[in-house]
There are 2 protein chains.
Amino acid sequence: MDKKVTIYDIAAKLNISTATVNRAINGKPRVSAETRRLVLDTAREMGFKANKAAVSLARKTIKIGFLMAESELDYGHEVLRGARYACERLADFNVQGDFQVVRQSDCPQGMIRIMQDMGQAGYGGIIMLPQYEMPGCERVIAELSQKQVPVVTAVSDLPHSKRLFSVRNNTRVSGKMAAEFLAMLAPGKPAAMFTAYKNTNSLVHQESIDGFLQEARLKTLPIVDIYENQDNPQTAYRATEKLLREHPDLGGLYIGTANSGTVCRKISELGYGGKIKVVASDIFPELNEYLRQGVIHATIFQEPSNIGALAFRYLYEYLAEGRKPESVYTLNPQLVLSSNLELFVR
Amino acid sequence: MDKKVTIYDIAAKLNISTATVNRAINGKPRVSAETRRLVLDTAREMGFKANKAAVSLARKTIKIGFLMAESELDYGHEVLRGARYACERLADFNVQGDFQVVRQSDCPQGMIRIMQDMGQAGYGGIIMLPQYEMPGCERVIAELSQKQVPVVTAVSDLPHSKRLFSVRNNTRVSGKMAAEFLAMLAPGKPAAMFTAYKNTNSLVHQESIDGFLQEARLKTLPIVDIYENQDNPQTAYRATEKLLREHPDLGGLYIGTANSGTVCRKISELGYGGKIKVVASDIFPELNEYLRQGVIHATIFQEPSNIGALAFRYLYEYLAEGRKPESVYTLNPQLVLSSNLELFVR
DNA sequence: CTGAAAGCGCTTACAG
DNA sequence: CTGAAAGCGCTTACAG
């Protein structure tokens, strides 16, 4: 077991102070280029790795901001909860989270202002959940990243901005799984999909549609239509009615939105329960009952709190440990049947 | 944001030294009962929580032993890899892992001796992968836990021993998922299962059988037989032949063992590929091909390296932070189709 | 039973 | 550009 190398060892070997070693290693100013090279080289030679516990103890607190718009959906709050949880777990490592839920009516201006303030106030980095329309956001992100205050997007993404990285669901794979599953249960029968928004710039929705269609083609599953329900129960309800009226011979349905419950209720009411194979999304109160009755055959789930937790944790690791991030982190969807549902409900 | 409370704050308030506060809080000897109560009470009042970074920096190294028998299966080595990985991630927190792979011929005596040595040598705790037959093991575990050297079981369990906790797969749910999936794909048709060992005291195997049968009953899936293949490709090969000979009308098969590849090969050879719905286990090289061809319809997977990683991490948290462990930690199985396989192969 | 002090491995003003 | 020293929040011999 090779004893761990400390900055003291490097300092001693080079006959310089630990302060200089520290500056050199962490890319801080006030070191001659020559000394820096020397330190860096011997550090590598000796296999030096800074001790994280010591670092976090000695440095000043890292502040991380978290910003989301208020929403009636549970989803965002789950993400927030995950971020808070990650923050608590890191509390002993000198990080502080500042979690802000901005009123819808204040978006995007209010959110942008808070981001700017955080940039002034010495925050280490910022996590934000972008909305569909966020004019002006790209610019603030660029300004902040110029100032070395990285911004991270979660849930949705602003791929053309200067955000450091994004954490979101792998909705493409969700779509593919849904199509493959329906092709197994109702091979060759016409199938349809519900999505929140068609033809928008919303990456995650577009990707789930793409994945669904792609896999359907591969499995020769005929897709009759893709319906939009705008994340709105009312619309979902009516869209379901329309779907079943237009396609009474429907074999499979993928509900790729937050409104699985509403859609299933309508399916049941119209007497289609069990006749159509249904893949839902997320986990919601009535799910167990629908699975038991055979109205739903599977649901595709990803823990939203993980998005928040990972965004927080990865940003921390970038800030505190200089970990080079991926551009996009995607979370894996899981196929949940009635027999493993118990593993996902607390 | 309430400032964090340190032992220094407690010491100052009570006009005693931090050394005494430390002893009181960590249940160390040499403190009067009275002082201890006082310290404990004010610590609670003030909301004191020891800073983990500082603790790990100051205390002496915790040594954790890891013991497994050599095996030709990849499985154990994946578990080992996971434990090593967890150890590396904790390296900055003053933990040291000692990973030992014992020759089969030396089991269980050799393993027991090493455990005893570790107990003498001041190890903080030990992780072991029990074999089916481990006479004498229970006794050593009892001795060690008496000496405050907790032993943890992974993969398999010794539920009647004094092990601190166990980390293993949730094979009951795996069995249930397999049955439910087969009931969906081939409703009412006769189904069978392969297991490694029937009628042994091996908990994980028995639980997967129980889960499979239980769910099959629920979904009225007729189970014609359960075949044993002893984790041996030869046996698996012959058992497959026997199965198909005895039940040419078979609708579904759950391969709940490490030999999915062998079984599928035989199924293909005998021309049953695609005619029987198959749920396999684990992820192995030919899997993708079998999924594509429709020989396998799904596989049930759990990252074996997670078992090692979690065993290490939870034991560390018990040792370093006094975290009270559960008795059993089970890992969730995932249903993998061809469309999400890419997420599981590196 | 209790305390003073050194030490864990870093970072950070401060002084030069 | 460089260094001496204090400090982060604990633990641990050592002395009393």
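Small disclaimer: the values here were computed from a predicted structure and weren't measured. Labels below follow one simple rule: chain letters A, B, ... track the order of the sequence lines, proteins then strands, and each chain is numbered from 1.
One can place CG of A:N26 at 8 Å from P of C:dT12, the figure rounded to the nearest angstrom. Rounded to whole Å, the distance from CD1 on B:I7 to P on C:dA4 is 13 Å. Rounding to whole angstrom units, CZ of residue A:F93 and P of D:dC8 are separated by 18 Å. Distance CD (A:E321) to P (C:dG9): 18 Å, rounded to an integer number of Å. Distance OH (B:Y8) to P (C:dG3): 13 Å, rounded to an integer number of Å. Between the CD1 atom of A:I25 and the C1' atom of C:dT12 there is a distance of 16 Å, given to the nearest Å. The distance between atom CZ of A:R36 and atom C1' of D:dC1, rounded to the nearest whole Å, is 11 Å. Regarding B:R37, its CZ atom lies at a distance of 18 Å from the C1' atom of C:dC1, rounded to whole Å.
A:L90 approaches A:R313 most closely through the heavy-atom pair CD2-NH2, 3.6 Å.
Counting atom types as modelled, A:R30 pairs no side-chain N or O with a base atom of D:dG3 as donor and acceptor under 3.5 Å.
Using a 4.0 Å cut-off between charged nitrogen and carboxylate oxygen, A:D98 and A:K63 do not count as a salt-bridge pair. Ionic pairing of A:E88 and A:R84 is not present here: no N-O contact between side-chain nitrogen and carboxylate oxygen is shorter than 4.0 angstrom.
In this structure, the nucleotide among D:dA13, D:dG9, D:dC1 sitting nearest to the side chain of B:K4 is D:dG9. Closest to the A:K28 side chain, of the nucleotides C:dT12, C:dG3, D:dG3, is C:dT12. With D:dG3, D:dT12, C:dT2 as the candidates, the nucleotide lying closest to the side chain of B:S32 is C:dT2.
A sub-4.0 Å separation between OP1 or OP2 of C:dG9 and a side-chain N or O of A:T6 is absent. Dashed line: the shortest gap from a side-chain N or O of A:T20 to OP1 or OP2 of D:dT2 is not under 4.0 Å. Within the structure, every side-chain polar atom (N or O) of A:T18 is placed at least 4.0 Å from both OP1 and OP2 of C:dC10.
Within residues 44-64 of chain B, the residues approached by DNA chain C to less than 4.0 Å at the level of any non-hydrogen atom are B:L57, B:A58, in residue-number order.
Using modelled atom types and a 3.5 Å distance limit, the side chains of A:N332 and A:Q334 yield no donor-acceptor pair.
Not a single side-chain hydrogen bond (donor to acceptor under 3.5 Å, both in side chains) links A:R113 to another residue, sequence neighbours left out. Residues forming a side-chain hydrogen bond (donor to acceptor under 3.5 Å, both in side chains) with B:T61 (at least two apart in sequence, or on another chain): B:N94.
In this pair, A:F165 and A:Y314 present their aromatic rings perpendicular. The plane angle is above 60°, beyond the 30 to 60° band.
C:dG3 is paired with D:dC14 under the Watson-Crick or G-U wobble criterion, all donor-acceptor distances under 3.5 Å.
Residue contacts for A:N94: at a heavy-atom cut-off of 4.0 Å it reaches no nucleic acid atom on any strand shown.
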